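Structure first, then comments.
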Amino acid sequence: MNPLVPLPLLIPLAAAFLLGLLNKRCPRWFADSIAILAASATGVVSLILMHESALRPIVYWYGAWTPRSGIALGVDFYVDPFSAGLAAFVCLLALASFIFSLHYFDSVGNLFHVLMLGFIAAMCGFSLSGDLFNLFVYFELMSVAAFALCGYKTEEPSTQQGAINFAVLNTIGAFLALLGLGMFYARTGALNLAQIGRTLGHDSGVLVVTSFVFVMCGLLVKAAAFPFHFWLADAHAVAPTPVCVLFSGIMVELGVYAVARVYWSLMDGALAPHRSALTGVLLVVGTMTALLGACMCFAQRHIKRLLAFSTISHTGLLIIGFALLKPGALAGAALYLIGHGAAKGALFLVAGILLHRCGSIDEAHLYGRGRKMPWTGAVFVLGGFGLVGLIPFGTFAGEHAIEFIAERNHQGWLDIVFFLAVTITAAAVFRVYARVFLGRGTRLSSGARLKTVDERRETSGPHNHVPAVMFLPAFALGLLAIAAGCIPGETHAVLTAACAFADHAGYQARVLEGAFLPIQAVASEHAPLLSSVLRSLGATLAAIALAVFAISPAWDRGRIYSRPFARSMAFIRRLHSGRVGDYVAYFAFGVAAIGIALAFLIAS
């Protein structure tokens with residue numbers, strides 16, 4: 001077995017243990033150095049594993065408890081290009097966050113580094129786990145670290161509400177996933193993903209479908225899918241900016257990844273005759289998530305809440321990519337995930353720079369105050385182009401692949417969903433750029449009836465410049481968002497990895513029988529590129545036009561709002577009340593609706 005496989009879990013945990021043990025007895029520079037070295041080393045190991053698993057996935061059994069007669073006795077890590085690539089991306093975003101926070105926190109303490117390293121370890125373990133119960137364990141470890149990081153700024157009153165909403169909703173989701181896990185165990189007597197899938201076979205009975213719905217809905221809470229998304233904006237608005245990079249850049253996307261892993265490991269055989277039913281339900285969820293998140297994104301003036309709702313919208317697009325249940329669309333979703341995560345990380349870091357320089361991230365308060373930061377503004381608008389999916393960003397490559405598969409499956413209407421979601425979210429970013437960095441358009445009233453949360457600076461001392469360690473990570477992530485879409489041979493490699501990821505029988509043979517099954521290269525179809533290029537250019541121009549109109553006097557006077565639209569937006573805002581009891585009620589409604597809809601479609 002490859003001895004490198006446990007290291008993405010062990011390195012950050014060991015570093016966290018060391019810093020926790022020393023705590024106040026070590027200087028800040030030592031904690032920063034250990035955290036940066038741990039994130040870098042974990043990322044390098046993950047990249048090596050991604051390279052080594054490109055030809056043949058790696059199965060690592062802890063304690064050498066390998067399967068006997070097809071029965072899994074131990075706990076395994078399953079390393080393929082997708083899982084190792086996600087672990088590497090986690091470390092990349094964490095490295096950017098650690099470097100950014102060198103001058104961001106003055107009195108952060110070493111416990112911030114301990115929590116961040118525990119968070120990294122949990123996300124890496126979550127990506128690599130081949131055991132359903134351990135997937136839940138890493139889900140919980142990830143959640144506990146995230147709750148503490150979200151509520152790190154305890155001196156701010158709004159922090160407690162955001163952290164509580166985050167904790168309650170995600171804890172209920174974890175409980176639901178644990179209930180589904182227990183039902184799978186009762187049915188199969190197994191916890192290994194491959195063994196559960198083999199035992200289930202083609203069983204699509206009520207118990208099996210109910211178990212899957214519970215596990216899927218629990219994971220969709222982490223993915224902030226509608227109607228489980230209400231916690232996300234409240235959490236992002238109060239979490240420290242370096243933490244938001246990980247929240248929006250990868251944690252939310254891991255929820256979608258886990259649903260895909262559970263489906264193709266456990267349920268591909270059981271739901272094979274009913275794929276259209278699952279596709280229909282998830283397409284509705286993804287579409288609602290994308291459009292609702294886009295509308296709420298455009299309605300914000302608090303920049304971190306705006307970016308949070310943008311994350312919800314683009315997560316809906318990732319769900320659509322998975323919902324098609326085709327390797328080509330899954331490959332597109334993987335490319336989209338990297339491009340979006342890098343662009344969103346850059347945007348959040350720019351928000352942190354604005355808070356450092358100006359003491360606010362409210363669009364109304366920042367009017368024209370970014371004129372002296374042209375390079376920071378350039379990174380911000382670069383992130384906007386990444387959200388709209390302009391060629392050659394990674395989001396363009398991913399969207400191109402997903403739309404091609406959708407059209408082949410006679411679901412071309414999804415092009416409209418993508419167009420609307422990316423146009424509206426990018427327009428919100430361009431509007432902020434115009435007001436804050438260019439000082440253009442009408443001023444917003446400070447008393448505007450828009451939900452906003454102000455923040456205090458997290459740095460003391462001079463704020464008349466942007467330290468290089470704050471700007472360079474944002475710039476690097478912006479460049480990565482472009483590079484994710486133009487690496488030679490990338491699309492073919494990701495498609496090959498997606499076909500292996502979706503190989504239900506091959507996964508079982510590798511895990512349970514130790515079969516030497518190399519990943520077979522697949523011939524990628526050359527989808528027409530011209531239509532996607534025109535679509536991306538059209539969406540970019542539409543986003544710029546909408547942003548220009550939004551800062552014009554005509555918009556400010558309310559001419560654009562028709563009464564039905566205004567009432568609809570008012571209703572949507574009321575749903576996002578910030579009251580955790582309301583959110584729990586929406587959660588219960590969502591689980592019931594998804595379960596009933598899936599059961600009805602399967603029965604029919």
Side-chain angles (χ1 to χ4, degrees), residues 1-2 5 49-61 65-87 126-132 134-135 184 188 190-204 208 212 215 256-275 278-279 321-322 324-334 401 405 491-525:
M1 294 186 293
N2 193 320
V5 175
L49 291 174
M50 183 176 69
H51 174 72
E52 292 185 357
S53 64
L55 297 178
R56 177 175 178 259
I58 303 168
V59 183
Y60 182 92
W61 293 95
W65 284 83
T66 55
R68 307 290 173 84
S69 302
I71 304 298
L73 302 176
V75 174
D76 73 305
F77 268 5
Y78 185 82
V79 183
D80 62 4
F82 272 18
S83 59
L86 280 175
F126 191 78
S127 302
L128 299 172
S129 180
D131 183 274
L132 188 57
N134 280 274
L135 195 74
F184 272 126
T188 64
L191 292 172
N192 182 273
L193 291 171
Q195 189 176 337
I196 294 174
R198 176 169 288 183
T199 304
L200 290 177
H202 295 284
D203 181 4
S204 57
V208 173
F212 176 64
V215 172
V256 182
Y257 163 79
V259 173
R261 173 65 80 188
V262 169
Y263 169 76
W264 265 298
S265 300
L266 270 66
M267 301 298 296
D268 189 46
L271 291 180
H274 310 292
R275 285 182 181 174
L278 181 60
T279 294
F322 161 65
L324 295 172
L325 301 181
K326 301 289 184 181
L330 182 64
I405 299 298
T491 302
H492 180 262
V494 174
L495 178 60
T496 300
C499 291
F501 184 91
D503 183 7
H504 182 65
Y507 175 77
Q508 294 174 358
R510 292 185 183 102
V511 173
L512 299 179
E513 300 165 11
F516 185 87
L517 297 177
I519 295 178
Q520 300 295 328
V522 297
S524 56
E525 299 184 60

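Keep in mind that this is a model prediction, so the values were computed, not measured. Along the sequence shown, residues carry numbers from 1.
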Shortest non-hydrogen contact between [X] and [Y], atoms and distance:
X: L324; Y: A329; answer: CD1-CB, 3.7 Å
X: D503; Y: R510; answer: OD2-NH1, 4.5 Å
X: P327; Y: A502; answer: CG-CB, 4.3 Å
X: Y257; Y: S127; answer: OH-O, 2.7 Å
X: P81; Y: A54; answer: CG-CA, 3.8 Å

List in chain and number order the residues that pass ring pair (Phe, Tyr, Trp, His ring centres under 6.0 Å) with [X], two or more places apart in sequence or in another chain; answer none if no residue qualifies.
X: F184; result: none
X: W264; result: F322
X: F212; result: none
X: F77; result: Y62

Inset, instruction - Show your reasoning for whether side chain to side chain contact (heavy atoms under 4.5 Å, CB included) applies to V75 and W65. - result: CA-CA 7 Å; V75 174; W65 284 83; over 6 Å; no

side-chain contact (heavy atoms from CB on, under 4.5 Å) against [X], all qualifying residues, sequence neighbours excluded:
X: L55; result: none
X: T188; result: A190, I196, T199, L200
X: A334; result: F82, V494
X: A194; result: N192, Y507, Q508, V511, L512

Inset, instruction - Not counting sequence neighbours, which residues clear side-chain hydrogen bond (donor to acceptor under 3.5 Å, both in side chains) with S129? List them please. - result: none

Inset, instruction - Determine which pairs satisfy salt bridge (Lys or Arg N to Asp or Glu O under 4.0 Å) with at least one residue from residues 71-84, sequence neighbours left out, and list them in order. - result: D80-R261

Inset, instruction - For D268, enumerate each residue passing the salt bridge (Lys or Arg N to Asp or Glu O under 4.0 Å) test, keeping only those at least two apart in sequence or located in another chain. - result: R275

Calculate, to the nearest 0.5 Å, the distance between atoms [atom1] and [atom2] belonging to [X] and [Y] respectively.
X: L128; Y: L86; atom1: CG; atom2: CG; answer: 9.0 Å
X: F501; Y: Y78; atom1: CZ; atom2: OH; answer: 9.5 Å
X: Q195; Y: L73; atom1: CD; atom2: CG; answer: 8.5 Å
X: H202; Y: L271; atom1: NE2; atom2: CG; answer: 11.5 Å

Inset, instruction - Evaluate the side-chain proximity of Y263 to L325: yes if any heavy-atom separation is below 4.5 Å, no if none is. - result: yes

Inset, instruction - Mind running side chain to side chain contact (heavy atoms under 4.5 Å, CB included) on V79 and N2 for me, showing each step along the way? - result: CA-CA 10 Å; V79 183; N2 193 320; over 6 Å; no

Inset, instruction - Could you walk me through whether D131 and L193 pass the side chain to side chain contact (heavy atoms under 4.5 Å, CB included) test, one step at a time? - result: CA-CA 5 Å; D131 183 274; L193 291 171; 6.0 Å; no

